[in-house]
Amino acid sequence: NEVASKQLNRDTWTDRAVQQTVASHFLFWQHNGDSPPAKKYLGQHPAKEWPVVDIVDPRTGKRLNRISGYMAPERMQEVLSRFLASHTWGNTGPDARLQDTI
């Protein structure tokens, strides 16, 4: 759904709290569904509805959570926070490589 994708980009991904949570704990990777990288990813993790936000374990490649369609910033923050509270996988934000080498 192109409208839901635009809403996510306009409202959710620009929200300061969501941006801070994503930057601190996740790797944000966004592609058009027709792009070669997206087609490769979707070959491993098929989707029936658009857009999709997947949380993937960086060690195993296993999809741990999927959000389909538009989600308002407040709800996205709640879902991400609940996920982080229930999963311990270490630091995966932008400083992960630096901390792993110290």
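Residue numbers count from 1 along this sequence.
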(request) Check Asp11 against Pro73 and note the closest heavy-atom contact, atom names and distance. (result) O-CG, 3.4 Å
(message) Nearest 0.5 angstrom please: Asn1 CG to Glu49 CD, how far?
(response) 8.0 Å
(message) Run the salt bridge (charged side-chain N to carboxylate O under 4.0 Å, His left out) test against Asp15 and tell me which residues pass, sequence neighbours left out.
(response) none
(request) Measure the shortest side-chain to side-chain distance between Leu84 and Phe26 over non-hydrogen atoms and say whether it is less than 4.5 angstrom. (result) yes
(request) Report the residues that fulfil ring-ring contact (aromatic ring centres under 6.0 Å, His included) with Trp13, sequence neighbours left out, ordered by chain and then residue number. (result) Phe28
(message) Applying side-chain contact (heavy atoms from CB on, under 4.5 Å), can you list everything that pairs with Pro37, at least two apart in sequence or on another chain?
(response) Trp29, His31, Ser35
(request) Can you sort out the partners of Glu78 under salt bridge (charged side-chain N to carboxylate O under 4.0 Å, His left out), two or more places apart, ordered by chain and number? (result) Arg75, Arg82
(message) Do Tyr70 and Thr12 have side chains that approach each other closer than 4.5 Å (heavy atoms only, starting at C-beta)?
(response) yes
(message) List the residues meeting salt bridge (charged side-chain N to carboxylate O under 4.0 Å, His left out) with Lys6, not counting sequence neighbours, and say none if there are none.
(response) Glu2
(request) Return the set of residues passing side-chain contact (heavy atoms from CB on, under 4.5 Å) with Thr60 (not counting sequence neighbours), or none when no residue passes. (result) Asp57, Lys62
(message) On a heavy-atom basis, which atom in Ile67 and which in Met71 lie closest, and how many Å separate them?
(response) CG2-CE, 3.4 Å
(message) Holding to side chain to side chain donor-acceptor pair (under 3.5 Å), I want the full list of residues that pass it with Gln77, two or more places apart in sequence or in another chain.
(response) Thr21, Ser81
Result block: side-chain N/O donor-acceptor pairs under 3.5 angstrom for residues 40-47, not counting sequence neighbours:
unit_1 : atom_1 : unit_2 : atom_2 : d
Tyr41  : OH     : Asp54  : OD2    : 2.6
His45  : NE2    : Gly61  : O      : 3.4

(request) Report the residues that fulfil side-chain contact (heavy atoms from CB on, under 4.5 Å) with Lys48, sequence neighbours left out, ordered by chain and then residue number. (result) none
(request) Apply side-chain contact (heavy atoms from CB on, under 4.5 Å) to the pair Asn65 and Val53, showing each step before the final yes or no. (result) CA-CA 8 Å; Asn65 195 17; Val53 176; over 6 Å; no
